[in-house]
Amino acid sequence: MALCGTGPNPIPGSYSAQNLSTKLIVPALLPFTGQFYNLVRRKRKGVCCSSLRNAASASSKESQEDAPSTLSVYLEEETDHVIRFKMSDFKILDTVSVGLGGRPDEVIFEGMVKDSCSPLCNTRVVLRQLSSAQAQRRGKRAIEVLKKLVRRKLLYHSYSMQVHGYISLPASGVSGSFILVHGYHGSFSLRHWLQQSDWLPTLEATLALDEESVRKVGEDSTGGPAVSRQLRLIRILMRDLLIGVNYLHSHGLAHTELRLENVHISPIDRHIKVGILGNAADFYKDGSNGSSLDNLDRRQMMIAFDMRCVGFIMAKMVMRELMDPLVFAKFKLFLKKGYDPSCLREFMLEILGRSSPYGNAGLQILDRNWGAGWHLLSLLLATKPSQRISCLDALRHPFLCGPRWRVVPSMDIIRWGLGSTAMRISEEYIYRQPQRSRLAHFIDLMEMLNPHPKPRNWLELLPGKWRLLYSTGKHVGLTLRQPPLRVIVGDVHLTVTRESKLKANLSFNSDTGFSVMIGQDWPHDKAGKSGRLQVNSSFTLRSGRLLYLKQDKTTEKFFFGPSSNVEALAQKFKGKKWRKVVPFEELPSSLPAAKLASGDIDVRMNLDDPLNQNVDTARNVLQELRTQLPPEIFDLSKLVCGTYVDSRMLVLRGVNGSALLFTRSFVDRNGSS
């Protein structure tokens, strides 16, 4: 039975029984032993083979009728570009692949086309029997979408489950039975792949990765450590998925059902299949490519919804811990509360960083290339639909491009990379002179590339909870000292609230958790007695400037001009790498900043028993905290200006010129909310 009109032509050889028998994946098959594999409602259980035989006999009777039913007439008019099969055209198999999971109103069969006159002869196909009216609408929609996509047959065959035709059967009820016939593309969905313990080597073998295939994503080698292999595989799968989704968007369609269960990987052509498109929606309600505001908003919302789904797929591929429903529920709750996805790393570190059964491979992958993976994930999951990245821009993102491809990063990616690198260095906790110089260098770069210099931007971005990462001031620890009491400082948080929307008044609250270790066994037991130091102060934010002072070595007088650190940066900016990025030709002697004018401060300290019973002990603890903490945290009035702020990072300067680097935080490990 040949395809009619513009119907898809099967690829010769790719449908042969020989090719299907030599694929490297092992089908997870479920025998029909009186019940279906979760594909039919409870009242249908135990009638699989009998219902199929009845459908076959009904199909043969229908072919002998002279007058077709109303459903058949409708189908013939709307589906003339696909094949109308009969049940006698198939040899039904007694197994169903686990990756073909359907809905409660669907019954799934696998079969082989046995019609010798059909170009699909000996081809393995899937027969999806749709019982309810809603399910039948999905099947007819999949055939209707085929009309729009079949004009570019190569892309349709590569990125969609090929709809071959249908079987229409009369029924005793009001509506007849409808069976959709589509291609078989492996026994596993992407979800089932990721749930396998040996998914990485098996999927690499299924995709037959060689030098030619890795060159398509800009890679220059195969093999290597597990993290590099996983990153390479994610690039291949994500690029294939984005090309398939962009293929739909370019034809005015949104998928609306992008999930791991609906994505399959074909072992034959090694492409991702994005489903049968039964719920694909048109961008434009009236079917025309109108430029009205309603149509444009509808198009933007649909594309944004698909890109959010792609972001969820990427997150689960990279961080396999999200395959756990409980962990994924926390992940979605974070986004549902309206938190900025650019702060996902701070949130996921608390969930995955300590006791993950998969190690930290996902975090390593996202941290590579200056945190490019976190940047792409934040764009895919952006809170506002207008801020989500498109398929074409995602394909050009550095995270999905290998080292062989030269990608010109945008200013946003450069700022992100600077902040991510500074964050990674601060987490090493090895503050020798090279690390301190690099951190100061990156902070200076961030200040020069500050995207929000105006006070109104600061009033919008500054409120929130921030965690202190690093201070360029003096660092004092416990290693070479013998203090009266040994205090270990935990996380230091700075909470900023805006008192009124009409005024530029802000309230700063620094919250420091610490532990006081008692006894001589403190090197081995650092539990100690917990305490908390809180400092409150009010600030007024105004427009100001950060002035660079330079000292004349002969007269020892200060004058306005670039300091030695800034001059070192100027030499770097003269190179080709930074020439197109820096927004000014010559480094100025000052930069715009947000001036902070403080009011009175209030200091409070809480100690657990028995430390709170002795005044001298409390005095010693307070003195030790003052020694270890940056002076700007202990005395907030010493904060004089803010020099960098975005949705993720913050830099404040003290009166002595030292810089404090913060990251936005939604988790308090000290125990406060």
Side-chain angles (χ1 to χ4, degrees), residues 340-346 349 363-379 389 397-399 401 406-431 434-453 457-458 461-462 466-472 546 548 562-584 587-588 591-594 641-653 657-665:
D340 199 307
S342 62
C343 307
L344 267 174
R345 185 180 186 274
E346 178 79 5
L349 274 177
L363 300 179
Q364 291 183 42
I365 289 173
L366 295 173
D367 281 338
R368 286 194 173 189
N369 299 328
W370 293 33
W374 295 108
H375 184 260
L376 177 59
L377 196 60
S378 68
L379 293 179
I389 193 171
H397 195 275
F399 179 71
C401 299
R406 298 186 62 182
V407 180
V408 179
S410 63
M411 178 67 74
D412 185 46
I413 294 179
I414 291 175
R415 294 191 189 100
W416 183 281
L418 292 173
S420 297
T421 306
M423 188 185 305
R424 291 291 308 280
I425 297 175
S426 67
E427 290 173 352
E428 295 176 359
Y429 298 106
I430 305 175
Y431 298 146
Q435 284 86 351
R436 294 178 63 85
S437 299
R438 289 188 64 193
L439 277 169
H441 173 68
F442 282 118
I443 291 175
D444 288 338
L445 285 174
M446 292 169 62
E447 290 175 335
M448 292 184 181
L449 304 179
N450 181 23
H452 306 292
N457 303 131
W458 280 81
L461 295 171
L462 185 57
W466 303 87
R467 181 171 66 90
L468 178 65
L469 293 176
Y470 182 76
S471 171
T472 58
L546 173 65
Y548 291 110
S563 62
S564 58
N565 292 336
V566 178
E567 288 180 344
L569 291 179
Q571 298 297 325
K572 292 182 177 293
F573 288 159
K574 293 180 180 179
K576 295 181 179 180
K577 183 178 180 180
W578 294 95
R579 189 178 301 169
K580 298 180 180 179
V581 177
V582 179
F584 34 75
L587 293 179
L591 291 173
C641 67
T643 55
Y644 182 90
V645 67
D646 59 18
S647 61
R648 187 178 59 132
M649 306 296 293
L650 170 68
V651 177
L652 299 178
R653 288 278 182 176
S658 61
L660 279 72
L661 179 65
F662 296 85
T663 181
R664 195 179 295 272
S665 174

**Q** Between the side chains of R648 and S420, is a donor N or O closer than 3.5 angstrom to an acceptor N or O?
**A** yes
**Q** Compare all side-chain heavy atoms of F399 with those of I365 and state whether any distance is below 4.5 angstrom.
**A**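 F399 reaches I365 side chain to side chain.
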**Q** Under the side-chain hydrogen bond (donor to acceptor under 3.5 Å, both in side chains) test, which residues partner S437, sequence neighbours left out?
**A** Q433
**Q** With sequence neighbours left out, which residue pairs that include part of residues 413-426 fulfil the salt bridge (Lys or Arg N to Asp or Glu O under 4.0 Å) condition?
**A** D367-R424
**Q** Give a yes or no answer on whether the side chain of W416 reaches the backbone of G371 with a donor-acceptor pair at less than 3.5 Å.
**A** yes
**Q** Could you pull out the closest heavy-atom pair between L652 and W458, with the gap in Å?
**A**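 Nearest heavy atoms, L652 then W458: CD2-CZ3, 4.4 Å.
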**Q** When you compare the side chain of L449 with that of M411, does any pair of heavy atoms fall below 4.5 Å?
**A**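 In short, these two side chains touch, coming nearer than 4.5 Å.
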**Q** Are side-chain heavy atoms of R345 and T663 found at a separation under 4.5 Å?
**A**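 Heavy-atom side-chain distance check fails, nothing below 4.5 Å.
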**Q** Just by distance, do the side chain of R664 and the backbone of S647 share a donor-acceptor pair under 3.5 Å?
**A**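 Present.
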**Q** Under the ring pair (Phe, Tyr, Trp, His ring centres under 6.0 Å) rule, collect the residues that match up with H452, sequence neighbours excluded.
**A** none
**Q** Do you see a donor-acceptor pair shorter than 3.5 Å between the side chains of S342 and D340?
**A**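 Per modelled atom types, S342 and D340 side chains form a pair under 3.5 Å.
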**Q** Which heavy atom of L461 sits nearest a heavy atom of W466, and at what distance?
**A**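 What the structure gives for the nearest pair is O-CZ2, 3.6 Å.
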**Q** Give a yes or no answer on whether the side chain of N450 reaches the backbone of T643 with a donor-acceptor pair at less than 3.5 Å.
**A** yes
**Q** What I'd like to find out is whether the side chain of Y644 reaches to under 4.5 Å of the side chain of D444, using heavy atoms alone.
**A** no
